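Because the structure is predicted, anything quoted here is derived from the model rather than measured. Letters go in sequence order (proteins before strands), and every chain restarts at 1.
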Protein chains: 2
Amino acid sequence: MSEKEQKIFDKCRQVAQSCAVFNLRKASRALTQFYETALRPSGLRVTQFTLIVAVRLFGSTTISRLADTMVMDRTTLTRNLKLMEKKGFITTIPGEDRRERVVVLTEPGKESLENALPLWEKAQREIVDALGHRRFDEMLANLMATVSLVKAP
Amino acid sequence: MSEKEQKIFDKCRQVAQSCAVFNLRKASRALTQFYETALRPSGLRVTQFTLIVAVRLFGSTTISRLADTMVMDRTTLTRNLKLMEKKGFITTIPGEDRRERVVVLTEPGKESLENALPLWEKAQREIVDALGHRRFDEMLANLMATVSLVKAP
DNA sequence: AATTTTTAAGTGTATATACACATATTATGA
DNA sequence: TCATAATATGTGTATATACACTTAAAAATT
């Protein structure tokens, strides 16, 4: 290997070992699969579960506000909600401001949430126990810091 | 709110505040956008960049092995590679074992990697500096622990 | 050697994600 | 008030992701 090629190879090692987005995405894939499996009996996907939770917490809210909360592109949210509407978990109604659409949980949506919560708790407990509470809280804090850091500007 | 509804509401708060997959996916979305923007001039998407890095490190390798390394579903990798082949970054050739396909970097692929590396370095430095080295390393370790934890079984 | 099992990869389908652009409605300013 | 700017949302397109199922080839078993 030439000196230049060696340099590039070393940089690649650095990427694999320390790249934030590489490791974060990898962990995201792994953990998503774990929670997807856990939530499957409820009929909710991870994304749908978290969206329902968010709507339950904030109450009926507009798409843009929900997207901002989820740190999700607005158009991504539109597509996700469309699917959830088709499945009957939510509906959207026009707001007072006629440009807005307000997201509302349906009864089936609330029921699915109720079914999913114990499944989530079990999965969550497994992860927390395996990682250790201290480590888990540490990671959570770091993830939140990362989000606000990138979201800030 | 009934007592039961209050209980569900409290659980939802718990999910928002502490759910591993919720916070991990949120951070993943945020950080992905940051790195996508940084890498854009190179013509590589984040996924493509990390895949090229992996192939550069491991040398030509099969799809299954690469998928395992990336903690990525094999069929996901197939689709990602198809795209990268169309764009000319890689090719695949049959292995000695005729069931296997071996992934090989092309010259344009290597060039794109070379262009992307300084862009990655800049983005990475920004994140590490903003989070602080100690915090960053801590997060990295925790992410890796999470991956091996979920991957183990 | 022939049959069965295992392994490597691809396809059909569904969901998740976001950028560029278009449309409709509200707010602002001349 | 009317024209313009700002805001909220939707659509077209491209990429990322994985499950269920299929196909082809190698390995194991009888």
Donor-acceptor pair present, B:Arg74 side chain and C:dA9 base, under 3.5 Å:
yes

Give a yes or no on whether a donor-acceptor pair under 3.5 Å exists between the nucleobase atoms of C:dG10, that is its base, and the side chain of B:Arg101.
no

Just N and O in the side chain of [X]: are any of them under 4.0 Å from OP1 or OP2 of [N]?
| X | N | answer |
| --- | --- | --- |
| A:Lys87 | C:dT15 | yes |
| B:Thr75 | D:dA18 | no |
| A:Thr76 | C:dA18 | yes |
| B:Arg29 | C:dT17 | yes |
| B:Gln33 | C:dA18 | yes |

Using the closest heavy atom to pick a nucleotide of DNA chain C for each, name whichever of B:Thr37 or A:Glu96 lands nearer the 5' end.
B:Thr37

Assert: residue with more 5' nearest nucleotide on DNA chain C, out of B:Ala30 and A:Arg45, is A:Arg45

Output the rounded distance in Å from CD (B:Gln48) to C1' (D:dA14).
11 Å

What is the distance, rounded to the nearest whole Å, between atom CZ of A:Arg98 and atom P of D:dA8?
16 Å

Polar side chain donor-acceptor pair, A:Glu138 to B:Asn142, under 3.5 angstrom:
yes

The side chain of A:Arg99 is closest to which nucleotide in this list: C:dT7, D:dT7, C:dA18?
D:dT7

